[in-house]
Amino acid sequence: MTIIYDFDGTLTPYSMPQYDILKKTKRSNDEFLKLVKDKMKNENISLYDAYYETIKNLLIESNIGFTKENICLNSSNVKFNKGVLDFFNKFKSESTGIKHYIVTSGFEDYIRETPINKYINGIYGTTFNNNDGEYTTINRLMTDQYKVNAIKSIIQKENDTNIIYFGDGLTDEFAFQYVKKIGGITVFVTSDIDNNTNLNSLTKRNLIDKIFIPDFSINSDIYEFIENSK
C-alpha cells in the first residue's frame with residue numbers, strides 16, 4: 001500500500017505554506033496575499049507563479065537572501081496536525097511495508113528539513129535552480145495538474161496501484177480525479193465537515209471516498225482507517 005499526502009492543510013493546520021523568513025520582511029499575511037493577488041492579475045500568471053515570485057521579490061527587497069537556508073528557517077518547529085508524527089512513527093515503512101510520499105506545491109527543500117522527513121519515502125514539491133547558494137529560477141513548479149505526474153511517478157517507482165491520497169482542498173482536485181480513475185482511495189481532511197464548500201464541490205462529483213477531521217493520533221478515525229486498510 002502506498003499513501004500520498006498533500007502537506008499544507010493536510011498534515012499541517014495551514015492551507016498555505018508558513019515560511020518563517022517572511023516575518024523578517026515585516027509584511028503581514030494579508031499584505032503578502034494581496035501582493036500575490038495583484039501579481040496574478042497584473043502579470044496574468046498562475047497563483048503558484050505569483051506566490052513564489054512574490055516571496056522571492058520580498059526577500060530581495062528586504063536585503064534577505066533567497067536561499068535554501070533562509071527558506072528553511074525554523075522548519076524543525078513546523079506545526080503539524082494532531083498526532084501526525086505519532087501516526088508516521090506507528091506506520092513506518094520498515095515495520096508495516098506501507099510507503100509514504102508527500103506531493104505538494106510547497107518548497108521541497110523545506111519539507112526535507114522538517115521532522116517528518118525521516119518517515120517519508122519520497123517528496124515531490126516545488127524546486128528552484130541554485131547558483132552558489134542562491135535560488136534563481138523555478139526548476140519544477142508543482143501545480144495542481146503536475147501533482148498527477150508526481151503520482152504517476154510514484155506508482156511506477158513502487159509498482160503499486162493500491163493508492164490512498166490525502167488532500168484538503170480544490171488544489172487536490174486533479175489528484176483526486178486521477179486516484180479515483182485508477183481505483184485508489186481518496187481522503188479529504190477538514191476541521192469543518194459540515195460547511196466546507198470545497199468538500200461539497202468535490203463530493204458532488206463523487207471524487208471523495210473518505211472524510212476525516214485532521215486528527216492522526218493513535219486510535220483516531222484516520223489511524224483506524226489505515227490500520228484496517230493494511
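Below, all heavy atoms of this structure are taken into account, side chains as well, without hydrogens, waters or symmetry copies. None of the values given here were measured: they were computed from a predicted structure. By convention here, the first residue in the shown sequence is residue 1.
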| field | Verdict with supporting geometry, Asn57 and Thr54, side chain to side chain donor-acceptor pair (under 3.5 Å) | value | CA-CA 5 Å; Asn57 292 341; Thr54 301; 5.8 Å; no
| task | Determine, for Asp172 against Lys147, whether the closest basic-nitrogen to carboxylate-oxygen distance falls under 4.0 angstrom. | result | yes
| field | Asp215 and Ser217: CA distance, side-chain angles, deciding distance, side chain to side chain donor-acceptor pair (under 3.5 Å) verdict | value | CA-CA 6 Å; Asp215 181 359; Ser217 56; 2.5 Å; yes
| Common cluster, Leu35/Leu47, ILVMFWY with side-chain heavy-atom separation under 4.5 Å | yes
| Where the side chain of Ser62 meets the backbone of Ile64, is there a donor-acceptor pair that is under 3.5 Å apart? | no
| task | Begin from the C-alpha positions of Ile71 and Ile55 and carry the test side chain to side chain contact (heavy atoms under 4.5 Å, CB included) through to its verdict. | result | CA-CA 9 Å; Ile71 288 298; Ile55 291 176; 4.1 Å; yes
| Can you name the nearest heavy-atom pair linking Glu108 to Gly125, along with the distance? | OE1-N, 3.1 Å
For residues 15-22, run the donor-acceptor check on the side chains, cut-off 3.5 Å, and write out each pair with its distance to 0.1 Å, sequence neighbours left out.
unit_1 : atom_1 : unit_2 : atom_2 : d
Gln18  : NE2    : Met16  : O      : 3.3
Tyr19  : OH     : Phe107 : N      : 2.9
Asp20  : OD2    : Asn74  : ND2    : 2.7

| said: To the closest 0.5 Å, what do you measure between NZ (Lys68) and CZ (Arg112)? | reply: 9.0 Å
| said: Under a 3.5 Å threshold, yes or no: a donor from one side chain and an acceptor from the other, between Thr171 and Asp144? | reply: no
| Under a 4.5 Å cut-off applied to non-hydrogen side-chain atoms, are Thr2 and Asn162 in contact? | no
| task | With rounding to the nearest 0.5 Å, note down the distance linking CD1 in Ile102 to CD1 in Ile116. | result | 4.5 Å
| task | Evaluate the criterion side chain to side chain contact (heavy atoms under 4.5 Å, CB included) for residue pair Phe225 and Ile185; output intermediate values, then yes/no. | result | CA-CA 11 Å; Phe225 166 63; Ile185 299 174; 3.9 Å; yes
| said: Quick one, Asn81 and Pro13 - any side-chain contact, counting heavy atoms below 4.5 Å? | reply: yes
| task | For a ring pair (Phe, Tyr, Trp, His ring centres under 6.0 Å) with Phe166, tell me which candidate from Tyr5, Phe7, Phe188 qualifies. | result | Tyr5
| field | Heavy-atom check, side chain of Thr12 versus side chain of Lys79, under 4.5 Å | value | no
| query | Are Asp49 and Met40 close enough that some pair of their side-chain heavy atoms sits under 4.5 Å apart? | reply | no
| remark: Taking every heavy atom of Lys180 against every heavy atom of Leu207, the minimum-distance pair comes out as CG-O, 3.7 Å
| task | Give the cluster check for Val36 versus Ile45: same hydrophobic cluster or not, with ILVMFWY residues linked at side-chain heavy-atom distances below 4.5 Å. | result | no
| task | Report, as yes or no, whether the 6.0 Å neighbourhood of atom CG on Asn44 holds more than 12 heavy atoms from other residues, nucleotides or ligands. | result | no
| message | Can you pull out every side chain to side chain donor-acceptor pair (under 3.5 Å) where at least one residue sits in residues 114-131? Sequence neighbours excluded, please. | response | Ser93-Asn121, Thr127-Asn139, Asn129-Thr137
| said: If you define the side chain from C-beta out and look only at heavy atoms, does anything of Ile163 sit under 4.5 Å from Ile4? | reply: yes
| message | If hydrophobic clusters are built from ILVMFWY residues whose side chains come within less than 4.5 Å, do Leu11 and Val179 share one? | response | no
| request: Evaluate the side-chain proximity of Arg27 to Leu58: yes if any heavy-atom separation is below 4.5 Å, no if none is. | output: yes
| field | Pairwise side-chain contact, Asp6 with Val103, heavy-atom cut-off 4.5 Å (strictly under) | value | no
| request: State the CG-CD distance between Leu202 and Glu173, to the nearest 0.5 angstrom. | output: 6.0 Å
| query | Yes or no on side chain to side chain contact (heavy atoms under 4.5 Å, CB included) for Phe128 and Thr136, after CA distance, side-chain angles and deciding distance? | reply | CA-CA 6 Å; Phe128 276 75; Thr136 54; over 6 Å; no
| said: Under a 3.5 Å distance rule, please check whether Asn70 uses its side chain to pair with a backbone N or O of Phe66 as donor and acceptor. | reply: no
| Under-4.0 Å salt bridge between Asp221 and Lys210 | no
| Any donor and acceptor pair, going by atom type alone, linking the side chain of Asn89 with main-chain N or O of Leu85 inside 3.5 Å? | no
| query | Is the shortest distance from a Lys or Arg side-chain nitrogen in Glu227 or Lys90 to a carboxylate oxygen in the other one below 4.0 Å? | reply | no
| Who passes ring-ring contact (aromatic ring centres under 6.0 Å, His included) against Phe91, sequence neighbours left out? | Phe87, Tyr223
| said: Please check if the number of heavy atoms outside Asn159 that lie under 6.0 Å from its CG is greater than 12. | reply: no
| Closest approach of Ile208 and Thr186, non-hydrogen atoms and distance? | CA-OG1, 3.2 Å
| field | Heavy-atom closest pair, residues Leu73 and Lys24 | value | CD2-CE, 3.8 Å
| request: List the steps, then state whether side chain to side chain contact (heavy atoms under 4.5 Å, CB included) holds for Glu53 with Lys39. | output: CA-CA 9 Å; Glu53 282 298 314; Lys39 181 172 279 292; 3.8 Å; yes
| task | Find the distance between CG (Asn198) and CG (Leu170) and round it off to the nearest 0.5 Å. | result | 3.5 Å
| Between NZ of Lys56 and CD of Glu61, what distance do you get to the nearest 0.5 Å? | 12.0 Å
| Closest approach of Ser75 and Pro115, non-hydrogen atoms and distance? | O-CD, 3.9 Å
| message | I'd like to know if the side chain of Thr96 reaches the main chain of Lys92, judged simply by a donor and an acceptor atom lying under 3.5 Å from each other, with no hydrogens or angles considered. | response | yes
| request: Specify the closest pair of heavy atoms between Phe176 and Gly169, including all atoms of both residues, with the distance to one decimal. | output: CE1-O, 4.0 Å
